[in-house]
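Read the structure below first, then the notes.
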Amino acid sequence: MKVENVENNYNGSEETEHSWQMWHQNGEKCPKGTIPVRRSSVHDVLRAKSLYHYGKKPTRLHLDRNVEAPDVVSGNGHEHAIAYTGPSQEIYGAKATINVWEPKIEVMSEFSLSQIWVLSGSFDTDLNSIEAGWQVSPELYGDSRPRLFTYWTSDAYQATGCYNLLCSGFLQTNNRIAIGAAISPISSVSGNQFDITIVIWKDPKIGNWWMGFGEGTLIGYWPAELFTHLADHANMVEWGGEVVNSRANGEHTSTQMGSGHFAEDGFGRSSYFRNLEIVDADNSLSSVKDIATLAENTNCYDIKSSYSNEWGTYFYFGGPGNNPQCQ
């Protein structure tokens with residue numbers, strides 16, 4: 001896995017380091033014609049609420065539509081700090097470089113992730129969503145390491161879709177990168193910053209949605225026939241973080257988003273997305289000029305966006321969760 005080691009600050013120079021997922025450190029490789037698959041164990045399934053829920057996300061509820069913000073989970077314990085495109089437009093893909101951390105998770109059933117959402121349809125009933133990024137999910141993986149993941153749904157998370165390769169849907173073509181495998185190295189506070197670049201785009205000829213990693217590595221694709229609205233195009237992209245706040249102890253969770261630092265702490269402390277881009281109808285990437293941001297509870301997690309010549313449109317985001325202002 002190629003990651004970019006960002007030295008100094010975002011106005012400084014970038015150096016590229018070659019690194020791989022943790023399973024590569026033993027010198028393991030897949031034979032030609034095969035792909036790496038993270039095998040599910042009995043313990044993986046037993047950690048889930050039920051066999052039906054294994055590998056699935058809960059349904060996303062939505063915010064009051066009086067605010068011109070995307071529909072995101074607000075009533076079932078999910079909280080976000082995201083940037084998003086708007087108003088509705090024809091979008092054929094998205095790209096970003098995502099800072100990788102190891103946020104602390106309070107209870108096993110919670111998770112913390114940083115991802116791209118490519119969306120179309122109604123958030124209530126028939127949402128089509130393609131998602132990719134990194135996540136820490138003790139319930140899904142049995143540990144607290146950040147792992148590369150994918151997700152999809154064609155009915156607002158009701159019955160279709162799953163993480164990674166846990167159901168039929170996403171078709172992997174790459175034999176060097178394992179979906180669901182741990183990422184290494186990761187960023188450290190006031191230390192080296194590591195990030196991954198993810199791009200999702202629609203093949204204009206066949207219509208499948210491809211996922212790329214780094215600068216030119218294809219991972220696989222979501223077949224066009226999985227979707228209804230996304231069989232044509234997307235009308236919104238979201239970039240950012242999401243956590244589960246289960247209030248297990250009657251208080252707001254202390255599960256961290258990103259690095260666990262608020263956006264204002266900046267480079268080397270806060271988590272970031274940089275070089276936000278979208279794919280247009282001509283299959284061309286262009287920097288996102290107009291984005292809005294949203295965080296349901298800025299005392300717990302927040303987001304601040306900006307622009308620079310080197311990082312294009314970017315934002316810092318995250319937070320510690322429970323603190324004196326976030327109960």
Side-chain angles (χ1 to χ4, degrees), residues 1-2 20-21 23-24 28-41 44-45 48 51-57 91-96 98 113 115-121 126-135 137 140-141 147-183 196-234 237-238 278-279 283 285:
M1 178 178 288
K2 177 182 175 185
W20 296 96
Q21 294 177 314
W23 68 283
H24 290 119
E28 295 182 63
K29 293 182 180 179
C30 287
K32 187 176 180 179
T34 68
I35 63 167
V37 176
R38 182 185 181 274
R39 297 298 181 188
S40 298
S41 68
D44 290 336
V45 178
L51 185 59
Y52 174 80
H53 289 97
Y54 177 58
K56 293 182 179 294
K57 277 188 176 183
I91 300 172
Y92 295 85
K95 184 178 181 180
I98 309 172
L113 58 76
Q115 70 168 56
I116 301 172
W117 291 260
V118 176
L119 303 164
S120 190
D126 63 353
L127 178 71
N128 287 199
S129 181
I130 290 173
E131 307 169 22
W134 63 261
Q135 68 177 163
S137 177
L140 188 59
Y141 303 107
R147 294 172 177 270
L148 181 69
F149 82 95
T150 64
Y151 200 89
W152 70 275
T153 182
S154 62
D155 63 354
Y157 307 92
Q158 295 177 82
T160 64
C162 63
Y163 284 111
N164 307 331
L165 305 177
L166 296 178
C167 67
S168 59
F170 184 79
L171 298 176
Q172 184 171 337
T173 59
N174 188 288
N175 73 345
R176 307 266 337 254
I177 296 176
I179 302 295
I183 298 170
I196 59 175
T197 298
I198 289 177
V199 58
I200 299 167
W201 82 100
K202 192 179 197 314
D203 178 343
K205 293 182 179 180
I206 300 176
N208 298 327
W209 288 85
W210 281 86
M211 175 184 172
F213 182 87
E215 297 300 328
T217 301
L218 295 177
I219 302 295
Y221 63 92
W222 293 267
E225 55 265 26
L226 292 175
F227 305 106
T228 51
H229 300 289
L230 283 176
D232 187 10
H233 58 78
V237 175
E238 298 172 6
I278 58 173
V279 180
N283 204 35
L285 276 165

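Scope of the values below: all heavy atoms of this structure, side chains included, with no hydrogens, waters or symmetry mates.
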### Task
State, to 0.1 Å, how close S154 and N128 come at their nearest heavy-atom pair, and which atoms those are.
O-ND2, 3.2 Å

### Query
Can you name the side-chain hydrogen bond (donor to acceptor under 3.5 Å, both in side chains) partners of T217, sequence neighbours left out?
none

### Heavy-atom pair of closest approach, residues Q135 and Y141
OE1-OH, 2.6 Å

#### Entry: Which atom of W209 lies closest to which atom of G93, heavy atoms considered
CZ3-N, 3.9 Å

### Task
Find the distance between CD1 (I98) and CD1 (I116) and round it off to the nearest 0.5 Å.
4.5 Å

## Note on the structure
Separation between CD (E215) and OG1 (T197), nearest 0.5 Å, reads 5.0 Å

### Message
So which atom in D203 and which in K205 form the shortest heavy-atom distance, rounded to 0.1 Å?
### Response
OD1-N, 2.9 Å

### Query
Are the side chain of T153 and the backbone N or O of T160 linked by a donor-acceptor pair below 3.5 Å?
yes

### Task
Go through R147 and L140 one step at a time and tell me if the side chain to side chain contact (heavy atoms under 4.5 Å, CB included) criterion holds.
CA-CA 11 Å; R147 294 172 177 270; L140 188 59; over 6 Å; no

### Minimum heavy-atom distance V118-A94, with the two atoms named
CG2-CB, 4.3 Å

### Query
Could you state the interatomic distance from CD1 (I200) to CH2 (W117), rounded to the nearest 0.5 Å?
11.0 Å

### Task
Take N164 and F170, measure what side chain to side chain contact (heavy atoms under 4.5 Å, CB included) needs, and give me the verdict at the end.
CA-CA 7 Å; N164 307 331; F170 184 79; over 6 Å; no

## Note on the structure
Contacts of H229 meeting side-chain hydrogen bond (donor to acceptor under 3.5 Å, both in side chains) (sequence neighbours excluded), chain-then-number -> D126

### 4.5 Å side-chain heavy-atom contact, W152 and L230
no

### Query
Is there side-chain contact between V279 and K202, with heavy atoms separated by less than 4.5 Å?
no

### Task
Quick one: do L285 and W201 satisfy side chain to side chain contact (heavy atoms under 4.5 Å, CB included)? Show the steps, please.
CA-CA 10 Å; L285 276 165; W201 82 100; over 6 Å; no

### Task
Find the distance between CD1 (I130) and OH (Y151) and round it off to the nearest 0.5 Å.
13.0 Å

## Note on the structure
By side chain to side chain contact (heavy atoms under 4.5 Å, CB included), D232 pairs with (sequence neighbours left out) none

### Task
Return the set of residues passing side-chain hydrogen bond (donor to acceptor under 3.5 Å, both in side chains) with Y92 (not counting sequence neighbours), or none when no residue passes.
E90

### Query
Does the pair L218 and N174 meet the rule for a side chain to side chain contact (heavy atoms under 4.5 Å, CB included), with working shown?
CA-CA 6 Å; L218 295 177; N174 188 288; 5.8 Å; no

### Task
Considering non-hydrogen atoms only, spot the tightest contact between A231 and A224 and give its length.
CB-O, 4.1 Å

### Summary
Sorted by chain and number, sequence neighbours left out, side-chain hydrogen bond (donor to acceptor under 3.5 Å, both in side chains) with S137 holds for none

## Note on the structure
Rounded to the nearest 0.5 angstrom, the OG1-CG distance for T150 and L165 is 6.5 Å

### Task
Supply the atom-to-atom distance F227 CZ to L127 CG, rounded to the nearest 0.5 angstrom.
10.0 Å

### Query
Residues in side chain to side chain contact (heavy atoms under 4.5 Å, CB included) with P223, at least two apart?
L171, N208, Y221, E225, L226

